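Below is one structure, written out as structure tokens, with a few remarks after it.
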Amino acid sequence: MVEFPAMKNDLLLRAARGEETERAPVWVMRQAGRYLPEFRKVRESHEFFEVCRTPELATEVTVQPIRRYTGLIDASIIFSDILVIPQAMGMEVQMNPGPHFPDPLNTPEDIEKLTKVVDVNKELGYVFEAITSTRKALNGEVPLIGFCGAPWTLFAYMIEGGGSKTFQKAKTWLFRYPEESKALLLRIADVCVDFLVGQVKAGAQLLQVFDSWAGELAPHHFHEFSFPGLQYITKGVRQKLASLGIPSVPMTLFAKGANHALSVLAGEGGYDVLGIDWGIEPSEARRIVGDKVALQGNLDPNLLYGGRDAIEREVKRMCEGFRVGGRVKGWIANLGHGITPGVDPEDLRWFFECVRKYSS
Ligand SMILES: Cc1c2[nH]c(c1CCC(=O)O)Cc1[nH]c(c(CCC(=O)O)c1C)Cc1[nH]c(c(CCC(=O)O)c1C)Cc1[nH]c(c(C)c1CCC(=O)O)C2
């Protein structure tokens, strides 16, 4: 493993292990993105996936929010996308401006078209390079998060060919071809494991799995089709890291809309942190998971459009909700989903300042 600068701020890692912290670490999903003028500037002359595939550019945009919010932000997340896995499996993905697959999987026969054995070093080595380069650029200021999409969410994109309102095609697969669907979900999960292990080897200090479409499934279908892949990933990553003699890192699951599954996920998912959206009260989430896992979340991202007073009032409320016996313990402050392009960066700064004020 490569040697990196010593950490100056490890609040995120301590909170992820469930420890009490002097204040809540904070970052936001999609923090490197279009709400930042400096990001839009880079995107003027570079395509989305070109930024992902060019380690210098990926490093630059990953570090942009850390630079802008120095001292107020406690984590960076590598600039990439969950859809690099379908690409590595042989599918074409365009971003215009949302994801588009010109040739999605239509029937189980199409599974044949996917790459049999994915060599992540060959196909996704550019992400590993970007991670190593970013760790150096960060100079120990904040930890670096690696990530991937969850099997169910990736499966849905690969079949729908992009975003969807109904998930009719992906669900047709689940309900008409359950065995073929499960085989494909497992194949995606295998790539997730190798990809996440590679990210740790390259320098990622925490791993987050995004199951953005978890909430589209009925609870029992979530348990049948999504949960097994999520659990397979934590087991697989920890086993592989152990067999390589590499210390494990904390793992976070963000299963959007699946707050119904918090109890099972905390008990058997294998994750150290569960991300929650704004569909559940923080105190209720804590009551369900007990002290088995740390929690991350969960302000409605649209509050960043509500003005300073609304942001302050709601952040204060959130901080009170996540306290356990008056203490800040095992909590990573975040939004309940990604920040959106229209937010004023100064309002995000105010969000960070309020978290600091009310979680100390
Ligand atoms: C579902 C999903 C995707 N990608 C991702 C998810 C899971 C999180 C979630 O639920 O939001 C994850 C993701 N995408 C991106 C990151 C980078 C790291 C970060 O959080 O700052 C991360 C962690 C960059 C991105 N990924 C994308 C952008 C915007 C595209 C651009 O720069 O033009 C960014 C900054 C594009 C993208 N990529 C994806 C979509 C649906 C879109 C279009 C939506 C949009 O326009 O915001 C797929």
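These figures come from a predicted structure and were not determined experimentally. One-based numbering, in listed order, for ligands and for the atoms of each.
- Of all the heavy atoms of Ile78, the ones lying under 4.0 Å from any atom of ligand 1 belong exclusively to the backbone.
- Contacts between Lys256 and ligand 1 below 4.0 angstrom, taking non-hydrogen atoms only, are absent altogether.
- Residue, atom and distance of the protein heavy atom nearest to atom 41 (C) of ligand 1 are Tyr157 OH, 3.3 Å.
- More than 12 heavy atoms of other shown residues, nucleotides or ligands fall within 6.0 angstrom of atom NZ in Lys182.
- Residue contact check for ligand 1: Gly163 places no non-hydrogen atom closer than 4.0 Å to it.
- Counting only N and O atoms by type, the side chains of Asp211 and Ser226 include a donor and acceptor under 3.5 Å apart.
- Note on ligand 1: His337 sits in its first shell, one or more heavy atoms being nearer than 4.0 Å.
- Of all protein heavy atoms, the one lying nearest to atom 32 (O) of ligand 1 is Arg43 NE, 2.9 Å.
- Salt-bridge annotation for Asp291 and Lys329: absent, with no side-chain N of the basic residue lying under 4.0 Å from a carboxylate O of the acidic one.
- Remark: minimum distance from atom 43 (C) of ligand 1 to any protein heavy atom is reached at Pro99 CD, 3.8 Å.
- At distances below 3.5 Å, not a single donor-acceptor pair connects side-chain atoms of Arg135 with backbone N or O atoms of Asn139.
- By heavy-atom distance, the residue among Thr62, Ile145, Asp81 lying nearest atom 48 (C) of ligand 1 is Asp81.
- Ile332 and Val324 end up in different hydrophobic clusters when Ile, Leu, Val, Met, Phe, Trp and Tyr side chains are linked at under 4.5 Å.
- Side-chain contact, Gln296 with Gln208: a donor N or O sits under 3.5 Å from an acceptor N or O.
- Close contacts of ligand 1 with Ile77, meaning ligand atoms under 4.0 Å from a residue heavy atom, involve 18 (C), 19 (C), 20 (O), 21 (O), 23 (C).
- Not a single heavy atom of Phe254 sits less than 4.0 Å from an atom of ligand 1.
- For atom 21 (O) of ligand 1, the nearest non-hydrogen atom of the protein is Ala32 N, 3.0 Å.
- Exactly one of Arg67, Arg68, Glu60 qualifies for a side chain to side chain donor-acceptor pair (under 3.5 Å) with Gln64. That residue is Glu60.
- Of the listed options Phe147, Phe210, Phe48, Phe79, Phe147 places a heavy atom closest to atom 22 (C) of ligand 1.
- The atoms of ligand 1 that sit less than 4.0 Å from any heavy atom of Met95 are 36 (C), 37 (C), 38 (N).
- The closest side-chain donor-acceptor pair between Tyr358 and Glu312 falls under 3.5 angstrom.
- The minimum heavy-atom distance linking Ser80 with Val84 is given by the pair OG-CG1, 3.8 Å.
- Within 6.0 Å of the CG atom in Asn96, the count of heavy atoms belonging to other residues, nucleotides or ligands exceeds 12.
- Residue contact check for ligand 1: Trp213 places no non-hydrogen atom closer than 4.0 Å to it.
- Of the protein's non-hydrogen atoms, the one nearest atom 47 (O) of ligand 1 is Arg34 NH2, 2.6 Å.
- Geometrically, Lys171 does not engage Trp213 in a cation-pi contact defined by less than 6.0 Å to the ring centre and at most 45° from the axis.
- Comparing Gly33, Ser80, Pro65 by heavy-atom distance to atom 24 (C) of ligand 1, the nearest is Ser80.
- In terms of protein heavy-atom proximity, atom 20 (O) of ligand 1 is nearest to Arg30 N, 2.7 Å.
- Thr62 and Ser76 share no side-chain donor-acceptor pair at under 3.5 Å.
- Among protein heavy atoms, atom 10 (O) of ligand 1 sits closest to Ser212 OG, 2.5 Å.
- Remark: ligand 1 atoms within the under-4.0 Å shell around heavy atoms of Phe39 are 32 (O), 35 (C).
- Nearest protein neighbour of atom 2 (C) of ligand 1, counting heavy atoms only, is Ile82 CD1, 3.5 Å.
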